[in-house]
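Hydrogens, waters and symmetry mates are skipped; everything else that's a heavy atom, side chains included, is used.
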Amino acid sequence: MAESRCQALIDADIVTTPINRKIVTALRSLGKGPAESQFATDYDREGELIGVEALNIIRKVNLRYSF
């Protein structure tokens with residue numbers, strides 16, 4: 001039974017909830033500009049996730065965006 005609960009956690013969808021509207025608004029504005037940018041985050045898993053979240057917010061505005 002415990003194994004099935006663990007498997008459910010592994011297979012669970014990732015849900016992100018932006019908590020700072022000003023940052024989300026700034027990222028959306030950035031997405032309307034040039035289709036390339038650079039983000040400097042910490043060199044760890046958390047920094048990587050922050051960068052990917054930022055990219056996903058921008059790509060909702062501009063699918064061609066890359067960094």
Hey, quick one: are L55 and F39 part of the same hydrophobic cluster, counting side-chain heavy atoms closer than 4.5 Å, chains of contacts allowed?
yes
Result block: side-chain N/O donor-acceptor pairs under 3.5 angstrom for residues 15-28, not counting sequence neighbours:
unit_1, atom_1, unit_2, atom_2, d
N20, OD1, K22, N, 3.1
N20, OD1, I23, N, 3.4
T25, OG1, R21, O, 2.9

About how many Å separate CG of L49 and CD1 of I14, when rounded to the nearest 0.5 Å?
7.5 Å
Taken to the nearest 0.5 Å, the spacing of I58 CD1 from S29 OG works out to 10.0 Å
Short side-chain to backbone donor-acceptor contact, D42 and G47, under 3.5 Å
no
